Amino acid sequence: MALHLFNTLTRQLDLFDPADPERVGVYACGPTVYGHAHVGNFRAFVFYDLVHRYLEWKGYGVRFVMNLTDVDDKTIRAAFEQGQTLEEYTAPFAEAVLRESDALGIRRMDLYPRATAYVDRMIELVSTLLDRGLAYRTSDGSVFYDISAFPNYGCLSGKDLDQARTGERVAADEYGKDDVRDFALWKAAKPEDRAVGAVWDAPWGEGRPGWHLECSAMGLAEIGDTLDLHLGGEDLIFPHHEGEIAQSEGATGKPFARFWLHVKHLRVEGSKMSKSTGNFIRVKELLDEGFTGAAIRHQLLSVQYRSDLNFTRDGLAASARALRRLLDFDDRLRDHPVGEDVPETALPQLARRASRDFEAAMDQDLNVSGALGAVFVFLKEVNALLDRNERLRMEELDAARRVLQSIDDVLGLIETGRRESGIDEEERASIEAMVAEREAARASRDWARADEIRDDLASRGIVLEDGPEGTRWKRLAGG
RNA sequence: GGCGCCGUGGCCAAGUGGUAAGGCAGAGGACUGCAAAUCCUUUAUCCCCGGUUCGAAUCCGGGCGGCGCCUCCA
């Protein structure tokens, strides 16, 4: 089987066939750290994580880079209003992104470059573009990309630039460019820029980089002239990625990325998420409400990345339930008794089929819904098999455990859910003492006392399960 | 106006030519001291109309409905 991905460049499913499987370079557009990231941002980040994990699962050697944009109009304006430097203002938001990423089980990427650390590279890039006649300077010391000199402009978004509506939002042209469609590579320094320390020296004058430039510079610097994969939100197709292509290819003469993948925006409780209407949710709020990072991860992951996803608290509750089942299943598989002289079962075949179906779905443009379907079929079949067999061969159980583990290496659901059910030793001892007391009460048929203890534990979020092997307890994660 | 996506059971959702995965919720049953967990059973002909085909949720045309992007929002 082979991985096929929907390439925005070709608008079809293409075979993913990197030049060097040992060194696959992936660049993902990260957040602009001018405020707290919201769940919409995290749909993108969880998607990036899925790509990251799946490529490694498929055996590729991956270098994965996600930038943090810490210099642009919004960060400068906000820092200025707060009377802080750019660095002071953006640092907390950058930290929050990583902290909340951790909570959602997003594995750390190889590098999180900050735009401000790559301004030298950006200046080099602009120089090259000026030398090549693809850019021009204006009287105030700004530099613009000359769209008309790059025939491929529009190839990613499929836009016919001649037909683009002009003049609608262009009134805010503060730098005096030749053509409204030309975009800024370099913006001449203004007082606010100086106030927050967002000013760099360039041969054509002091200023700061334009929006698209950072990604070209960091991608070229950290991965190379041609990326294997470039990821981003659907809104970035135009103009951001179009600009990146123009800048990078204009400078190197080589294709900037073989594959472009774009994740669709999510909606919240039925409507578009937008900061202007206050209709956006932060991950931190959800965690404070008692939803777990794993449940949030599940909901963001459960729908394929190019499909509509309506993020709701009801959906989150459903995700929490599904996750609970997955965790229970993992427990059960771990704890199931082993026997020496027990008959063979179909467990290994079920495991092989689950793995195969999982991979087939994921290979088809990362179809997580289909992949989860395979997981739950496996879960149901194996639960039934465990019901029928009190003891199983060690090697069969191991085969099943390996497959579940392997699948979760990609999905990261059990992994994230586990991490959140941590209980310290003191609490553990206290719980186990109460469970033992209840066992004694049950042995003497003192149901009232037994139920009292169970209710007591339930109020602490501990659920009991009486089985033939004794009583087990677990923490019921929120959600 | 330009480009594009989507419409499957109560909710979410897979399936892109051969008679509908899976999750959540609901109902009945088994198990249990009662529960919990688990298992079994149970709920759809795929927005509408027309066409292509031996056969369509799946292809084509039309209609209705929802949504996204179109200069700095992942």
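Computed from a predicted model, the values in this text were never measured in an experiment. Just so it is clear: chains get the letters A, B, ... in the order the sequence lines come, proteins before strands, and each one is counted from 1.
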Exercise. Ignoring hydrogens and angles, does a donor from either the side chain of Arg454(A) or the base of C34(B) sit under 3.5 Å from an acceptor on the other?
Worked result: yes
[X] [atom1] to [N] [atom2], straight-line distance once rounded to whole Å:
| X | N | atom1 | atom2 | result |
| --- | --- | --- | --- | --- |
| Gln299(A) | C12(B) | CD | C1' | 9 Å |
| His336(A) | U38(B) | NE2 | P | 15 Å |
| Phe378(A) | A14(B) | CZ | C1' | 20 Å |
| Phe280(A) | A74(B) | CZ | P | 12 Å |
| Asp235(A) | G68(B) | CG | C1' | 10 Å |
| Leu185(A) | U71(B) | CG | C1' | 14 Å |
| Asp387(A) | U38(B) | CG | P | 10 Å |
| Asp365(A) | G15(B) | CG | P | 10 Å |

Hunt down the Watson-Crick or G-U wobble partner of [N], both distances under 3.5 Å, from any strand shown, or write none.
| N | result |
| --- | --- |
| U19(B) | none |
| C39(B) | G29(B) |
| C3(B) | G68(B) |
| C46(B) | none |
| C59(B) | G51(B) |
| C24(B) | G10(B) |

In whole angstrom, give me the gap between the [atom1] atoms of [N] and [M].
| N | M | atom1 | result |
| --- | --- | --- | --- |
| G18(B) | A56(B) | C1' | 9 Å |
| C11(B) | C48(B) | C1' | 23 Å |
| A20(B) | U42(B) | P | 15 Å |
| G9(B) | C5(B) | P | 22 Å |
| U45(B) | G10(B) | P | 10 Å |
| G26(B) | C12(B) | C1' | 16 Å |
| G28(B) | G22(B) | C1' | 22 Å |
| U8(B) | C3(B) | C1' | 27 Å |

Exercise. Is the aromatic ring centre of His265(A) closer than 5.5 Å to the centre of the six-membered base ring of A74(B), with the two planes inclined by less than 30°?
Worked result: yes
What's the closest nucleotide to the side chain of [X] if the choices are [options]?
| X | options | value |
| --- | --- | --- |
| Leu266(A) | A14(B), U38(B), A74(B) | A74(B) |
| Gln304(A) | A14(B), A74(B), G33(B) | A14(B) |
| Tyr34(A) | A74(B), C72(B), A14(B) | A74(B) |

By the 4.0 Å heavy-atom rule, please label [X] as base, sugar-phosphate, or nothing.
| X | result |
| --- | --- |
| Leu236(A) | sugar-phosphate |
| Gly30(A) | sugar-phosphate |
| Asn383(A) | sugar-phosphate |
| Asn367(A) | sugar-phosphate |
| Glu234(A) | sugar-phosphate |
| Gly40(A) | base |
| Arg332(A) | sugar-phosphate |
| Arg353(A) | nothing |

Problem set entry | Derivation of the side-chain contact (heavy atoms from CB on, under 4.5 Å) call for Val377(A) and Arg353(A) | CA-CA 10 Å; Val377(A) 167; Arg353(A) 200 179 70 201; 3.9 Å; yes
Exercise. Does the side chain of Phe311(A) reach to within under 4.5 Å of the side chain of Leu300(A), using non-hydrogen atoms?
Worked result: yes
Seminar exercise, completed: Value for CD (Glu81(A)) from CD (Glu192(A)), rounded to nearest 0.5 Å, stands at 10.0 Å
Problem set entry | Side-chain ion pair, Lys264(A) and Glu234(A), N-O less than 4.0 Å | no
Exercise. Taking 4.0 angstrom as the limit, do Lys187(A) and Asp72(A) come out as a salt bridge?
Worked result: no
Problem set entry | ring pair (Phe, Tyr, Trp, His ring centres under 6.0 Å) against Phe6(A), all qualifying residues, sequence neighbours excluded | none
For this session: Measure up the Tyr145(A) and Phe183(A) rings against each other and bin them: parallel (under 30°), tilted (30 to 60°), perpendicular (over 60°).
Result: parallel
Exercise. Ring pair (Phe, Tyr, Trp, His ring centres under 6.0 Å): which pairs involve residues 353-385 of chain A, sequence neighbours left out?
Worked result: Trp57(A)-Phe358(A), Phe329(A)-Phe378(A)
Problem set entry | Side-chain donor-acceptor contact under 3.5 Å, Thr69(A) with Asn67(A) | yes
Exercise. Which of these passes salt bridge (charged side-chain N to carboxylate O under 4.0 Å, His left out) with Asp102(A): Arg107(A), Arg297(A), Arg108(A)?
Worked result: Arg108(A)
What does the list of N/O pairs under 3.5 Å between the protein and nucleotides 19-23 of chain B look like, with a distance for each?
{"unit_1": "A21(B)", "atom_1": "N1", "unit_2": "Ser369(A)", "atom_2": "O", "d": "3.4"}
{"unit_1": "G23(B)", "atom_1": "OP1", "unit_2": "Arg325(A)", "atom_2": "NH1", "d": "3.2"}

For this session: Assert yes or no for the condition that the ring centre distance of Phe259(A) to His230(A) is strictly below 6.0 Å.
Result: no
Might you list the N or O atoms of the protein lying below 3.5 Å from N or O atoms in nucleotides 3-9 of chain B, with each pair's distance?
{"unit_1": "C5(B)", "atom_1": "O2'", "unit_2": "Lys264(A)", "atom_2": "NZ", "d": "3.3"}

Seminar exercise, completed: For Asp446(A), the side chain to side chain contact (heavy atoms under 4.5 Å, CB included) test, sequence neighbours excluded, returns Ala441(A), Ser444(A), Ala448(A), Arg449(A)
For this session: Output all residues satisfying side chain to side chain contact (heavy atoms under 4.5 Å, CB included) with Ser101(A), sequence neighbours left out; order by chain, then residue number.
Result: Phe42(A), Val97(A), Ile106(A)
Exercise. Want to settle it: does Val463(A) or Gln364(A) sit nearer the 5' end of RNA chain B, counting the closest nucleotide to each?
Worked result: Gln364(A)
